[in-house]
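In what follows, a structure is listed as structure tokens, so that the remarks can point back to it.
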Amino acid sequence: MNTLKAVRGTRDLLPPETELWNRIEATARSVFGRYNFGEIRTPIFEDTQLFARGVGEETDIVSKEMYTWEDRARAQSEKAQSLTLRPENTAGAVRAYIEHQLGESGMLQKLYYIGPQFRRERPQKGRYRQFYQIGAEVIGPPSAGSESPLRDAELLEMLAGLLDELGITGWKLLINSVGSSTDRPRYIAALKEALKDLAPTMCVDCQRRAETNPLRVLDCKVPEDQPKIESLPRIADYLDEASQAHFAAVRAALDACGVEYEISHRLVRGLDYYTRTTFEFQHGGLGAQNALLGGGRYDGLSEMIGGPKAPGIGFAIGADRLVLTLEAQAGQVVPTLADAYIAPLGDARNPDALVLARELRRAGLRIDVGDGSFRIKKSFETGNKLARNIVLLGEDEVQSGMLTVKNFASGEQTKIAREQLASALTAPHE
Ligand code: AMP
């Protein structure tokens with residue numbers, strides 16, 4: 001029989017690497033908390049229409065990467081429905097904002113999420129079919145200040161702080177403005193015009209994009225196409241006064257708090273809903289998939305999916321890529337050692353070992369327990385792999401309440417009274 005494996009593009013995350021995942025998630029939660037965000041958890045699958053309308057029919061995501069299926073009706077009252085595993089979380093968050101009328105409060109909604117997303121992309125390092133995003137959205141009625149450039153700058157400043165706090169060095173922030181919903185059509189028209197002559201000389205993807213989604217031509221990585229792309233009209237020349245002033249205000253606030261950035265006029269991003277500010281944090285260590293995170297403003301998204309006017313801005317961090325970057329910086333992830341490994345001497349001591357482990361665990365220690373059937377040599381070898389100390393538990397120890405403890409690093413062996421054991425075993429730096 002064939003052995004079953006995880007499906008292509010998906011993978012198992014195992015310890016000790018999952019410790020790094022947890023640390024990243026805990027740091028993100030802590031940073032988001034300090035910026036007064038709350039957590040939202042939306043369903044993993046949604047009505048396909050949400051993504052078709054929200055993300056855009058012509059995007060790569062919707063046109064070729066979604067996991068979509070026809071859900072059979074189970075009862076007469078149910079209709080068959082087209083469902084999709086979420087390829088991103090912004091559309092779901094905005095759907096929830098609309099569904100629960102969160103805008104009615106008149107307050108800005110500051111929501112973050114952590115969870116898996118699904119896209120049928122070609123798998124490679126840093127690109128998976130099930131991947132994990134840590135993201136946040138700031139959305140609300142215009143009266144709550146949701147359109148303010150301060151929101152954009154605050155989000156970017158938060159992200160810079162989060163990457164610093166995670167210990168990621170050498171990141172680069174790129175920003176751009178893709179204009180308002182009136183600027184963009186004017187720019188796209190100019191782009192289409194310029195591409196009429198140029199596109200037939202470019203790569204096949206560009207030829208297709210020139211027809212379906214001309215902004216995506218700017219994303220092309222084919223070396224021969226680069227000089228041609230540089231000669232295309234630039235979005236900056238098509239921004240109206242309000243969009244220009246908005247972008248200038250975002251930059252001024254970033255300058256004021258010392259967040260460094262580069263303006264990249266080609267940063268248009270793959271999702272249709274973006275307006276005005278777009279941004280990406282990149283990291284050189286990631287190779288071809290160099291985007292650690294991306295995001296931008298989406299002033300029209302709520303209306304695109306049938307909601308009230310609710311401008312917003314958000315981002316999604318590729319957690320898989322944070323892990324890759326931190327691993328590359330730190331080398332191999334070292335497993336956390338237990339404070340102690342309890343070695344019962346003989347099967348009869350097994351229940352005593354469990355009682356002692358329970359005491360120590362309740363005192364907050366990380367404890368592993370062996371088995372009374374092990375020879376002493378095996379106990380020492382196993383303990384040495386798992387823990388900083390080994391506690392020997394024979395009949396004498398149980399009777400006398402004095403336990404034999406050996407520290408693996410120093411090789412020192414001591415007798416410690418049971419009442420003092422927890423404090424003696426606590427790691428000095430914890
Ligand atoms: P997007 O939702 O396309 O704006 O992507 C936001 C971030 O999610 C990117 O910058 C990546 O870090 C990450 N990301 C997107 N697609 C994938 C994928 N297939 N595998 C791993 N990470 C991804």
Side-chain angles (χ1 to χ4, degrees), residues 11-31 114 132 134 164-169 319-320 322-398 400-430:
R11 58 213 178 106
D12 303 305
L13 305 173
L14 304 170
E17 199 185 42
T18 38
E19 287 185 26
L20 185 55
W21 283 83
N22 284 332
R23 183 172 76 75
I24 289 170
E25 290 175 9
T27 306
R29 286 177 195 281
S30 155
V31 170
I114 297 179
Y132 296 82
I134 300 174
D164 287 345
E165 198 160 321
L166 285 169
I168 292 192
T169 53
D320 309 76
L322 285 184
V323 170
L324 281 173
T325 308
L326 287 172
E327 280 175 350
Q329 280 180 202
Q332 202 67 22
V333 187
V334 231
T336 304
L337 287 178
D339 295 306
Y341 178 80
I342 298 176
L345 305 179
D347 287 336
R349 297 284 77 76
N350 276 346
D352 300 321
L354 207 54
V355 172
L356 180 62
R358 178 178 143 115
E359 263 169 48
L360 296 172
R361 287 168 174 155
R362 290 192 172 197
L365 275 78
R366 187 174 175 123
I367 300 294
D368 218 323
V369 186
D371 189 82
S373 69
F374 292 178
R375 288 172 184 280
I376 191 84
K377 184 159 176 271
K378 178 168 175 173
S379 290
F380 270 91
E381 280 168 4
T382 314
N384 200 7
K385 286 188 190 133
L386 294 175
R388 294 184 298 103
N389 300 285
I390 185 165
V391 179
L392 301 179
L393 193 65
E395 197 176 351
D396 281 358
E397 280 83 0
V398 175
S400 65
M402 292 298 287
L403 296 145
T404 308
V405 179
K406 181 172 172 179
N407 181 276
F408 288 113
S410 66
E412 202 184 331
Q413 189 158 314
T414 41
K415 289 249 178 209
I416 301 175
R418 191 164 182 146
E419 309 78 65
Q420 264 103 57
L421 196 57
S423 59
L425 290 174
T426 303
H429 301 298
E430 280 172 3

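Note: hydrogens, waters and symmetry copies are ignored here, and every other heavy atom, side chains too, is used.
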With a cut-off of 3.5 Å and sequence neighbours excluded, list every side-chain donor-acceptor pair involving residues 375-387.
{"from": "K377", "atom 1": "NZ", "to": "E381", "atom 2": "OE2", "distance (Å)": "3.4"}
{"from": "T382", "atom 1": "OG1", "to": "K378", "atom 2": "O", "distance (Å)": "2.7"}

Results of side chain to side chain donor-acceptor pair (under 3.5 Å) for [X] - residues two or more places apart only:
X    : value
S30  : R34
E19  : T336
D164 : W171
T169 : Q329

Distance, nearest 0.5 Å, that separates [atom1] of [X] from [atom2] of [Y]:
X    : Y    : atom1 : atom2 : value
Y132 : L13  : OH    : CG    : 5.0 Å
I24  : I168 : CD1   : CD1   : 6.5 Å
D339 : L425 : CG    : CG    : 7.0 Å
L20  : E25  : CG    : CD    : 10.0 Å
L421 : I342 : CG    : CD1   : 7.5 Å
M402 : D396 : CE    : CG    : 12.0 Å

Quick one: does [X]'s side chain get under 4.5 Å of [Y]'s, heavy atoms only?
X    : Y    : answer
K415 : T404 : yes
R29  : I114 : yes
V323 : W21  : yes

(request) Step by step, work out the side-chain contact (heavy atoms from CB on, under 4.5 Å) result for L326 and R23. (result) CA-CA 11 Å; L326 287 172; R23 183 172 76 75; 3.9 Å; yes
Less than 3.5 Å apart, which donor and acceptor atoms pair up between the side chains of residues 353-374 and the rest of the protein, not counting sequence neighbours?
{"from": "E359", "atom 1": "OE1", "to": "R418", "atom 2": "NE", "distance (Å)": "3.1"}
{"from": "E359", "atom 1": "OE2", "to": "R418", "atom 2": "NE", "distance (Å)": "3.3"}
{"from": "E359", "atom 1": "OE2", "to": "R418", "atom 2": "NH2", "distance (Å)": "2.9"}
{"from": "R361", "atom 1": "NE", "to": "I367", "atom 2": "O", "distance (Å)": "3.4"}
{"from": "R361", "atom 1": "NH2", "to": "I367", "atom 2": "O", "distance (Å)": "2.9"}
{"from": "D371", "atom 1": "OD2", "to": "S373", "atom 2": "N", "distance (Å)": "3.0"}
{"from": "D371", "atom 1": "OD2", "to": "S373", "atom 2": "OG", "distance (Å)": "2.7"}

(request) Would you confirm whether E17, through its side chain, and L14, through its main-chain N or O, come within 3.5 Å as a donor-acceptor pair? (result)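 Such a contact is absent between E17 side chain and L14 backbone.
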(message) Looking at every heavy atom in both L392 and E397, which two are closest together, and how far apart are they?
(response)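 Smallest interatomic distance, heavy atoms only, reads O-CG, 3.4 Å.
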(message) Within the supplied structure, the quantity of interest is the number of heavy atoms (other residues, nucleotides, ligands) at a distance under 6.0 Å from E395 CD; does it exceed 12?
(response)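 Open: at most 12 neighbouring heavy atoms sit under 6.0 Å from CD of E395.
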